[in-house]
Structures are given as C-alpha cells and as structure tokens.
Number of protein chains: 2
Amino acid sequence: MAPGSSTSTSQPDRLFDPRKIWGFDIEPSVVEVDYGDLTHVGCEFSKPCKVCGRLAAHCNTLIIAVDGACCSNGRKDSTPQSALGIFVGHDSPYNLQTKLPWVRTNQVAELTAGVMGLVVAKKVIKNEGQGVIDTVVIKADSEYLVKGMTEWVVKWQMNGWKTAKGGDVVNRGWFEDLLGEVEELEDAGVTVLFWHVRREFNAEADQLANLALDG
Amino acid sequence: MAPGSSTSTSQPDRLFDPRKIWGFDIEPSVVEVDYGDLTHVGCEFSKPCKVCGRLAAHCNTLIIAVDGACCSNGRKDSTPQSALGIFVGHDSPYNLQTKLPWVRTNQVAELTAGVMGLVVAKKVIKNEGQGVIDTVVIKADSEYLVKGMTEWVVKWQMNGWKTAKGGDVVNRGWFEDLLGEVEELEDAGVTVLFWHVRREFNAEADQLANLALDG
RNA sequence: CGACACCACAUAAC
DNA sequence: GTTATGTGGTGTCG
C-alpha cells in the first residue's frame, strides 16, 4: 500500500513506521461498523452535542477518536512508556490499543495516534464504507495535533517549517506523515477533518490508551 | 458583628453565610470550656503527642478540631448531603454538628468547617478566654484547608488567585472568608494556626460531622 | 504571556 | 474504582 511513505525522511526521531507494526497489509475480515453511539439527533455539525457533549456524526461521516498517552512524561524514568488508543465504536474490531515502546514524548504519541486514526479510517472505508462514507473526522483532545494539522501546517509549508520563534518544527516528520495520509484520503474523494474536543469528551480513546499502558 | 463579611463578594458559588445559620448574633450563656482532653504532658508544641497522636494544647491555646463530610461527593445526586463537625472539648456546649444542605463538594465542606471553627473560637474567647487565650489552633485533616491557608493563599494573593497551572482558584471566596476571620482574630491579638493531622487523629470532629449526616 | 496535552504526587470526600 | 482540589514537572505551539 505504501501510503504517504513518500514523505518524511529528514526526521531523525522517526523510529519506526506505525503502519507496519500492526500488520495492516493483511486484509481484515468484513465486519459491522458501529458508530451510532456517537450520533445524537439535533446536534449541530462540528459542535458538541448539548446532551452528551460529544461531537455529532452524520450518516456519511466516520468519526474516529484518537488519543495518546505517555507515562512518566516529565520524569527521567529509565523506562518511558507510550501508548495510543483508537476508538471507532463500542465493540468495534477496528478499535486499537497498543504500546509504542520507542516513543518518548506525549506529543509524538498524540501525532502517532492521529496517523493511526487515518490508517484505520482507510481500512474501514475500504471494507464497508465504499461509496457511503465521504467524510472522516479525527476527534482528539490534543491541540497540538488538531491545530497543527488545521492551522499551523499551512504556514509551515510556506515558510520552510519554521516556528514563530524561528526554530525548526520539532515533529515535522510526523506532520508530513499525517499530511500524506490526508492527501491519500482526499484523493479518494474523502474529506478529512480534525476536531478538537476537551479531554472529558474523549474518554473512550483515552481508556484504550491507558489500557494499553497497563497491560 | 459582621465578621469578615467585608471580604468575599466576587464568588457566585457562595450560597449562604455560615455564620448566620446558627444565630451567632445571640450571646450564649457563660459556660465552662473543657479542652483538657486535648492536652497531654510532654507533648512538643506543634507536634503530635507521642501517646495519642493529637496535637498538644498549651494553657493559653485553644485547639478546635474541625471536619467536613460530603456523602454526595462522587455522584450526580440531586440532593447533596454535606455536614460539618466542630469539636472544642468533650461535652462542650461549643461543639457543633450540622448539615450544610447547599454544599456539594467535600472541599467546600472542609473550608466551611474551618470558617465555623474560627467563629466558634471568637465566641469562646469572648465568653471565657479574654486575656487568657492568645492562640487559636484549627486542627483539621484536610490538606486542602491547612495548606491552602498556610502556604497557598500567600501566593494566590500575590498572583491574582491563579492556580499553579494557570486556572482560577476554585473556592477563592471561601478562602477569603477564612482570611477575614483570621484577620479579625489577629487584630484582637490572637495568633491563629492551622495544623494538619491524619484522619485518625481527628476522630471527634469526624464523628460530629457524621452524626449530623445521619440525623 | 497564552493554550492544549501528557505525567508525577499529596490530602480529603465518596 | 470515582470526584474534589492543590503542588511539582515536560512536550509543543502561537
């Protein structure tokens, strides 16, 4: 499949390709996708539901909640442990929870979760959303991921990936990977959105990530 | 009397003035104050007694144990049940136990107990401690109350009541009330101290608070 | 300076 | 297990 691997080379801290480690080259069996629990009648698009606080799904929209965790983030622990959680729906076989043994900052964990969210989205669409799903939403509590992908990358691509203070963008390679995944979906006619929600409205993905850390 | 009511106005969650609800404007009859049970020979000042774990009283010191309870803490109960207990001495008429029907968090219950402890202290001194008691100790198991009043308020008053993480101090109004009570006592030449003890050394006040909840 | 996240910890209340 | 609150820290950006 080689998605977006044309981007990202100039990055020394990219230690592995997350698309490889879960064997996504193998076709999964066809399954039911359940994201009805994210839908509430009367919710405005792109605004939290007044009843449950979650962001509303449309029938043509696949909402994927992602989260990264990184225990002992501020501490000089000898054993840094990171993990991510991808939540598609309750009991969905597309849900993902896994450790990222080599990643050591919370931000990279969040970006990795975003990449994997998009990879999962492609899989879901390919298997059961063909011709139905035309929009993918990555729902995250990380401002770094969401603003990075919706506001900052535009400037960065124009100014040579320079920070407002003049430094290099630290996780450039991960953002380029994300852009590659987005581009691939857009090329297939799928709109990709990033939504920022507060921590308490991302509980499912958070739980998955923390489960992975415990195990 | 209007004690400390000059402070605390900017607080929307202050639902009532605890000084009002027990009618402290009325002079109580003169009574014997017994706090001998809190005194143990050989205890170092400001350290727990090696025999009983309690903090030692001096003859010029009035020790008041306070505690708050809140049985609807972790739940979305529509009927919050909070209470406080103020313990001056065994069979002391200054002991207090009462429900706080409008208080819905454990922290506010603890802070309210602190306010009432100081109000009771003023009463005791006025009635039978004039010229004798020059120190009041509020003994509590709540770190929130004790550290709040001994460490954190100093910073908060200087930084505009901002949390270490940049947010607003949640129960600012209650801390301002406490400061008002302390100031009034200090103005009268009384030193006010807050002592933190473990839960098991605050049993009397705890019992009073729980009695109020049951009744 | 601001924002979001991620973590470590403490005490209490359930 | 949860919530209520605070302290200390790093990861990153505008």
Side-chain angles (χ1 to χ4, degrees), chain A residues 13 66-77 80-84 103-111 113-114 140-153 155-156 161-172 174-175 196-200 202-203 205-207 209-210 213, chain B residues 66-77 80-84 103-111 113-114 140-153 155-156 161-172 174-175 196-200 202 206 209-210 213:
Chain A
D13 68 319
V66 308
D67 194 33
C70 181
C71 78
S72 56
N73 190 27
R75 203 43 240 140
K76 339 162 177 275
D77 251 353
Q81 295 267 299
S82 299
L84 60 74
V103 173
R104 59 213 154 317
T105 78
N106 64 316
Q107 309 286 39
V108 171
E110 304 279 5
L111 299 185
D141 59 23
S142 166
E143 186 187 69
Y144 185 61
L145 168 61
V146 173
K147 280 202 173 169
M149 286 302 289
T150 55
E151 298 177 19
W152 304 336
V153 280
K155 272 186 282 190
W156 292 340
W161 295 86
K162 289 297 176 192
T163 268
K165 288 189 185 115
D168 292 328
V169 173
V170 171
N171 292 309
R172 170 175 176 176
W174 291 97
F175 283 106
H196 187 219
V197 297
R198 273 178 288 142
R199 202 170 128 38
E200 63 255 43
N202 219 29
D206 182 71
Q207 264 181 330
N210 278 57
L213 273 186
Chain B
V66 308
D67 194 32
C70 179
C71 66
S72 48
N73 197 24
R75 11 186 42 78
K76 17 178 164 232
D77 263 352
Q81 288 287 320
S82 298
L84 60 73
V103 172
R104 37 178 62 260
T105 77
N106 65 318
Q107 309 284 42
V108 171
E110 305 279 6
L111 299 186
D141 59 23
S142 166
E143 185 188 71
Y144 186 60
L145 168 61
V146 174
K147 281 203 173 169
M149 286 302 289
T150 55
E151 299 178 18
W152 303 337
V153 279
K155 272 186 283 188
W156 291 340
W161 295 86
K162 289 297 176 189
T163 263
K165 297 201 173 74
D168 292 327
V169 172
V170 171
N171 292 309
R172 169 177 175 173
W174 291 97
F175 283 106
H196 186 219
V197 298
R198 288 182 175 281
R199 207 180 165 297
E200 63 255 40
N202 218 30
D206 182 70
N210 280 5
L213 272 186

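We name chains A, B, ... by the order of the sequence lines, and we start the count at 1 in each one.
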Problem set entry | D/dG8 OP1/OP2 closer than 4.0 Å to side-chain N/O of B/Lys155 | yes
Problem set entry | Side-chain-base donor-acceptor pair under 3.5 Å for A/Asn106 and C/A5 | yes
Seminar exercise, completed: To the nearest angstrom, the CZ-P distance between A/Arg172 and D/dC13 comes to 13 Å
Seminar exercise, completed: Regarding the side chain of A/Asp206, the nearest nucleotide among C/A13, C/C6, D/dT7 is C/C6
Exercise. Considering heavy-atom distances to DNA chain D, does A/Gln107 or A/Lys165 have its closest nucleotide positioned more toward the 5' end?
Worked result: A/Gln107
Exercise. Side-chain N or O of B/Trp156 less than 4.0 angstrom from OP1 or OP2 on D/dT7?
Worked result: yes
Problem set entry | Length of the line joining B/Leu213:CG and C/A12:P, which is rounded to integer Å | 18 Å
Exercise. Among C/C6, D/dG14, C/A13, which is the nearest nucleotide to the side chain of B/Asp67?
Worked result: C/A13
Seminar exercise, completed: Whole-Å distance, A/Leu84 CG to C/C6 P, equals 13 Å
Problem set entry | Nearest-Å distance for atom pair CD/C1', residues A/Gln207 and D/dT2 | 12 Å
Exercise. Given atom NZ of A/Lys162 and atom P of D/dC13, what is their separation to the nearest angstrom?
Worked result: 12 Å
Exercise. Side-chain contact, heavy-atom cut-off 4.5 Å: B/Leu145 with B/Val66?
Worked result: yes
Seminar exercise, completed: Residue pair B/Ala69/B/Arg198 against RNA chain C: nearer the 5' end by closest nucleotide is B/Arg198
Problem set entry | Between C/G2 (P) and A/Trp152 (CH2): distance, integer Å | 16 Å
Exercise. Is the shortest heavy-atom distance from the side chain of B/Trp161 to the side chain of B/Val170 under 4.5 Å?
Worked result: no
Seminar exercise, completed: In whole angstroms, the gap separating P of C/U11 from CD of B/Glu151 amounts to 13 Å
For this session: Answer yes or no: is there a side-chain heavy-atom contact under 4.5 Å between B/Lys162 and B/Val169?
Result: no
Exercise. Checking all strands, does A/Gly68 fall into the base, sugar-phosphate, or nothing category for heavy-atom contacts under 4.0 angstrom?
Worked result: sugar-phosphate
For this session: Find out whether B/Asp141 and B/Arg198 are in side-chain contact, i.e. whether some heavy atom of one side chain is under 4.5 Å from a heavy atom of the other.
Result: no
Exercise. Counting only side-chain N and O atoms of B/Asn171, is one of them less than 4.0 Å from OP1 or OP2 of D/dT5?
Worked result: yes
Exercise. For B/Thr163 and D/dG6, is the shortest distance between a side-chain N/O and OP1 or OP2 below 4.0 Å?
Worked result: yes
Exercise. With a non-hydrogen cut-off below 4.0 angstrom, is B/Gly166 in contact with a base, only sugar-phosphate, or nothing?
Worked result: nothing
Exercise. When you check the phosphate oxygens OP1 and OP2 of D/dT12, does a side-chain N or O of A/Thr105 lie under 4.0 Å from one of them?
Worked result: yes
For this session: Would you indicate which nucleotide in C/A5, D/dT7, D/dT12 comes nearest to any side-chain atom of A/Val170?
Result: D/dT12
Problem set entry | Proximity to the side chain of A/Glu143 - top-ranked nucleotide from C/A13, C/C4, C/U11 | C/C4
For this session: Would you tell me if any nitrogen or oxygen in the side chain of A/Arg199 comes within less than 4.0 Å of OP1 or OP2 on C/C6?
Result: yes
Problem set entry | Rounded distance [0.5 Å steps], CZ in B/Arg172 versus CG in B/Leu111 | 14.5 Å
For this session: Check the distance between D/dT12's P and A/Asp141's CG and give it to me in whole angstrom.
Result: 16 Å
Exercise. Which residues pass the side-chain hydrogen bond (donor to acceptor under 3.5 Å, both in side chains) test with B/Glu200, sequence neighbours left out?
Worked result: none
